[in-house]
Amino acid sequence: MLRVLTIFLAMALSACATTGMYDAPKGEQTVKLTVDNQLSAASDDADQGGWQMPGQSAPVRAAIFTVDEDRVAEQAGLQSITLEPGKHKIQVFADRSGILRFGTFRYKFKEAGDYTVSIGAGDGTDKYELKLINQAAPDKVLVKKDF
């Protein structure tokens with residue numbers, strides 16, 4: 001048991017050591033990326049019936065976790081960030097009733113753009129789906145991925 005805890009602790013510390021903190025750019029040509037949490041709407045419907053463990057309130061959360069391997073916040077994530085134009089690797093997370101998943105996508109963002117990453121329920125009970133949308137053309141999905 002001690003060996004397992006030691007390995008887990010070493011893995012956790014090494015994961016923390018490899019990421020820095022994201023420094024959001026400022027200026028007119030920056031890109032805005034916002035999270036649209038579709039999971040909370042699905043969980044509101046679930047309150048109409050069904051059994052829930054007493055004493056357990058499970059917040060429904062979805063947020064941006066990293067940009068180019070750098071954490072965006074000390075704890076959890078952020079709902080909105082600014083980016084430099086260009087290609088970025090974005091990691092998001094979703095947590096609904098203790099089902100925590102991380103999803104990653106890459107995209108080349110255009111300057112002065114306004115983008116939304118919509119996170120909702122995917123195929124199956126424990127999967128999520130992300131969709132990247134440019135607000136200038138909200139009917140066109142730029143990236144679609146299950147995680």
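In this chain, numbering begins with 1 at the start of the sequence shown.
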For Lys108, all residues meeting side-chain contact (heavy atoms from CB on, under 4.5 Å), sequence neighbours excluded: Lys87
With a 6.0 Å cut-off on ring centres, are Phe109 and Tyr107 close enough? yes
Taking all heavy atoms of Leu39 and all of Ala94, pick out the closest pair and write down the distance. CD1-CB, 3.6 Å
Student check: side-chain heavy atoms of Leu100 and Phe102 closer than 4.5 Å: yes
If the condition is side-chain contact (heavy atoms from CB on, under 4.5 Å), which residues does Leu78 pass it with, not counting sequence neighbours? Val72, Ala73, Ile81
Looking only at heavy atoms, the pair that brings Met21 and Asp70 closest together is C-CB, 3.9 Å
Rounded to the nearest 0.5 Å, what separates atom CD in Gln38 from atom CG in Leu130? 12.5 Å
Ala24 and Thr82: which non-hydrogen atoms are nearest, and at how many Å? CB-OG1, 3.4 Å
Here the pair of heavy atoms bringing Arg96 nearest to Val60 is CG-CG2, 4.2 Å
Among residues at least two apart in sequence or on other chains, which ones pass salt bridge (charged side-chain N to carboxylate O under 4.0 Å, His left out) with Lys110? none
Taking salt bridge (charged side-chain N to carboxylate O under 4.0 Å, His left out) as the test, write out the residues that go with Arg101, two or more places apart. Asp126
Could you grab the distance from atom CD of Gln91 to atom CZ of Phe65, nearest 0.5 Å is fine? 6.0 Å
Applying side chain to side chain contact (heavy atoms under 4.5 Å, CB included) to Lys127 and Phe147, what does each step give before you reach the verdict? CA-CA 6 Å; Lys127 291 195 177 185; Phe147 64 101; over 6 Å; no
Non-neighbouring partners of Ala76 that pass side-chain contact (heavy atoms from CB on, under 4.5 Å), sequence neighbours left out: Arg61, Phe93
The reported gap from CD1 in Ile119 to OH in Tyr128 (rounded to nearest 0.5 angstrom) is 10.0 Å
Passes side chain to side chain contact (heavy atoms under 4.5 Å, CB included), Leu132 versus Val141? Steps please. CA-CA 6 Å; Leu132 180 65; Val141 176; over 6 Å; no
With sequence neighbours excluded, what pairs up with Lys89 under the salt bridge (charged side-chain N to carboxylate O under 4.0 Å, His left out) test? Glu69
For Asp114, the side-chain hydrogen bond (donor to acceptor under 3.5 Å, both in side chains) test, sequence neighbours excluded, returns none
Taken in chain and number order and not counting sequence neighbours, the residues that satisfy side-chain hydrogen bond (donor to acceptor under 3.5 Å, both in side chains) with Glu129 are none
Could you check whether any side-chain heavy atom of Ile64 comes within less than 4.5 Å of a side-chain heavy atom of Ile90, counting everything from C-beta outward? yes
What residue pairs, at least two apart or across chains, pass side chain to side chain donor-acceptor pair (under 3.5 Å) with a residue in residues 21-30? none
Can you list the residues that meet the side-chain hydrogen bond (donor to acceptor under 3.5 Å, both in side chains) rule with Asp68, with sequence neighbours excluded? His88
With no hydrogens and no angle check, do the side chains of Gln79 and Thr34 hold a donor and an acceptor under 3.5 Å apart? no
Roughly how far, to the nearest 0.5 Å, is CG of Asp139 from CD1 of Ile133? 8.5 Å
Does Asn134 have any side-chain contact (heavy atoms from CB on, under 4.5 Å) partners at least two apart in sequence or in another chain, and if so, which? Tyr115, Ala136, Leu142
Can you give me the closest heavy-atom contact between Val31 and Ala112, atom names plus distance? CG2-N, 4.3 Å
List in chain and number order the residues that pass side-chain hydrogen bond (donor to acceptor under 3.5 Å, both in side chains) with Thr104, two or more places apart in sequence or in another chain; answer none if no residue qualifies. none
